[in-house]
Structure formats: structure tokens, C-alpha cells
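Taking it in order: structure first as C-alpha cells, then the write-up.
All figures in this text were calculated on a predicted structure; none of them were measured in a lab. What you see below is based on every heavy atom in this structure, not just the backbone, and it leaves out hydrogens, waters and symmetry mates.
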Amino acid sequence: MSEPSTETHALPELEDMEPNAPRVGIIMGSKSDMDEMQKAGDILHDAGVLYEIRVMSAHRDPEVVAEYCKNARMRGLRVLIAGAGLSAALPGVAAAHSDLPVIGVPLSSSLSAAGGLDAILSVVQMPPGVPVAAVGLDNPRNAAHLAARIVNA
Ligand code: RP5
């Protein structure tokens, strides 16, 4: 009887993947989130993790979000970071359309009814089976550190 193999194999699709394909997708609900969310990109850049960064709103561009998240794995992405404020649906919608790990970043907004608590609850209170890992309010840096750890795990 042969010994069980202890060799590990890269997933077939990874072997064919463009070496310069981004591994982390950073998405956010509004252009107004960009300055804050770019901080995640800067951390990933410093960590040598390739990323892409896009604006797409779960409420204003639902089809774009669905398409992006459904294609994310096939395009080589391994983690999604999603930032949004107010009724912050984007991280949850991303997790609904992709089986990649999704890290949600609740963002504060001048329109918040509760100093950002609305976004925190929107990101955290996901139904069982649709997981979103949440970092603290306005803390995209931790999302990037976590994403880098997942990519390098
Ligand atoms: C959310 O509403 C966005 O993520 C942003 O944080 C907030 C305000 O969006 P804008 O009105 O600035 O586009 O959907």
C-alpha cells in the first residue's frame, strides 16, 4: 500500500495565472471613501502584495459589484477588502457573490446617524453562512495587514 502523499500542489488555476495579477481587490462604496481606503493599498504595496482598487457601490452599482465579485477568484484575486459607510452593504454583498475571504471596513461619514455605528453593525451583523471579517471603524490598515497574512498563509 502506498503512503499518503504529503506533497502540496498549487491550485491548477494558480499555475496558469499571470504572475503580475493582483492578489487583493480593494473595493469601496464611493469615491469619497478613496482617501481612506488607499491606506490599505499603501500597506499592501509596502508588504509586496499586488492589489487593485476600485469604486463600486452595492446600492448604486449592484450589477457591477456582482460581476466583479463573481469573477474575482477566476481573475487571481485571493482576498477582497470592502469599505463602506452608512448602510454599509458592500462587504456583505461581496461575500454573497464570492467565496473568497472578505474583510469589511466600516467607514465613518458626516451623514452617519450614530458616529459610524451604523456602518459597523452593517458590516458585522451578517447572517450565518455569509461571513465577513470586520476590522475597526476607519481602520483599512488592519484590513490590509490581515489580507497580507491570508495571502501569505
Ligand atoms: C456609502 O455612503 C459610501 O461608502 C460612503 O461612505 C457614504 C457616502 O457616500 P457618498 O454620498 O459620498 O457617495 O455608500
Side-chain angles (χ1 to χ4, degrees), residues 4-86 88-109 112 116 119-126 129-153:
S5 169
T6 54
E7 275 182 68
T8 53
H9 296 279
L11 292 171
E13 74 263 31
L14 275 179
E15 288 166 357
D16 304 332
M17 205 63 72
E18 170 71 36
N20 292 326
R23 289 289 175 249
V24 177
I26 302 173
I27 57 178
M28 70 209 77
S30 170
K31 271 192 291 188
S32 64
D33 300 325
M34 184 58 91
D35 286 352
E36 193 62 22
M37 293 304 293
Q38 182 56 53
K39 294 172 186 171
D42 296 345
I43 296 282
L44 291 169
H45 174 81
D46 291 349
V49 176
L50 296 173
Y51 73 95
E52 64 184 17
I53 188 160
R54 308 260 173 95
V55 175
M56 57 185 78
S57 165
H59 297 115
R60 294 164 175 155
D61 322 299
E63 280 90 11
V64 173
V65 173
E67 199 67 12
Y68 179 83
C69 295
K70 284 178 189 167
N71 292 329
R73 177 183 286 280
M74 184 195 70
R75 294 182 48 244
L77 295 170
R78 286 295 167 261
V79 184
L80 298 175
I81 295 175
L86 302 178
L90 187 61
V93 171
H97 287 296
S98 174
D99 63 354
L100 293 176
V102 175
I103 305 170
V105 185
L107 298 173
S108 57
S109 158
S112 172
I120 292 172
L121 294 177
S122 298
V123 173
V124 170
Q125 291 293 74
M126 289 298 297
V130 190
V132 170
V135 293
L137 185 67
D138 296 329
N139 200 340
R141 292 184 180 94
N142 263 5
H145 287 299
L146 180 55
R149 288 184 183 198
I150 294 170
V151 168
N152 294 321

Please assess Leu77 against Glu52 for the test side-chain contact (heavy atoms from CB on, under 4.5 Å), listing each intermediate value before the final yes or no.
CA-CA 9 Å; Leu77 295 170; Glu52 64 184 17; 3.6 Å; yes
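- Listed here is the closest heavy atom pair of Ser122 and Met126: O-SD, 4.4 Å.
- With hydrogens and angles ignored, the 3.5 Å screen pairs no side-chain donor or acceptor of Asp46 with any backbone N or O of Ile43.
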Could you walk me through whether Met37 and Val55 pass side-chain contact (heavy atoms from CB on, under 4.5 Å), step by step?
CA-CA 10 Å; Met37 293 304 293; Val55 175; over 6 Å; no
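- When atom types are taken as modelled, the side chain of Asp61 and the backbone of Met56 share no donor-acceptor pair closer than 3.5 angstrom.
- For the pair Val65 and Ser57, the minimum side-chain heavy-atom distance is 4.5 Å or more.
- Here the closest non-hydrogen pair linking Gly83 and Asp33 is O-OD2, 4.1 Å.
- Remark: of the listed residues Val79, Leu50, Val49, Val49 is the sole one forming a side-chain contact (heavy atoms from CB on, under 4.5 Å) with Leu44.
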Name every donor-acceptor pair, under 3.5 Å, that has one atom in a side chain of residues 92-104 and the other anywhere in the protein, sequence neighbours excluded.
unit_1	atom_1	unit_2	atom_2	d
Ser98	OG	Leu100	N	3.0
Asp99	OD1	Arg73	NE	3.0
Asp99	OD1	Arg73	NH2	3.3

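- Ser109 approaches Leu86 most closely through the heavy-atom pair OG-CD2, 3.6 Å.
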Ile53 vs Met28, test: side-chain contact (heavy atoms from CB on, under 4.5 Å). Steps then yes/no.
CA-CA 8 Å; Ile53 188 160; Met28 70 209 77; 3.4 Å; yes
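- Side-chain contact between Asp138 and Glu36: present, with at least one pair of heavy atoms (C-beta onward) separated by less than 4.5 Å.
- Of all the heavy atoms in Ile81 and Val105, the pair that sits closest is CG2-CG2, 3.8 Å.
- Taking each heavy atom of Pro22 and Tyr51 in turn, the nearest pair found is CB-C, 3.7 Å.
- Expressed to the nearest 0.5 Å, how far CZ of Arg141 lies from NZ of Lys39 amounts to 5.0 Å.
- Rounded to the nearest 0.5 angstrom, Met34 CE and Ile26 CD1 are separated by 9.0 Å.
- At a threshold of 4.5 Å between non-hydrogen side-chain atoms, the residues Ser30 and Arg60 count as touching.
- When every heavy atom of Ala144 is checked against every heavy atom of Ala40, the shortest pair comes out as CB-O, 3.3 Å.
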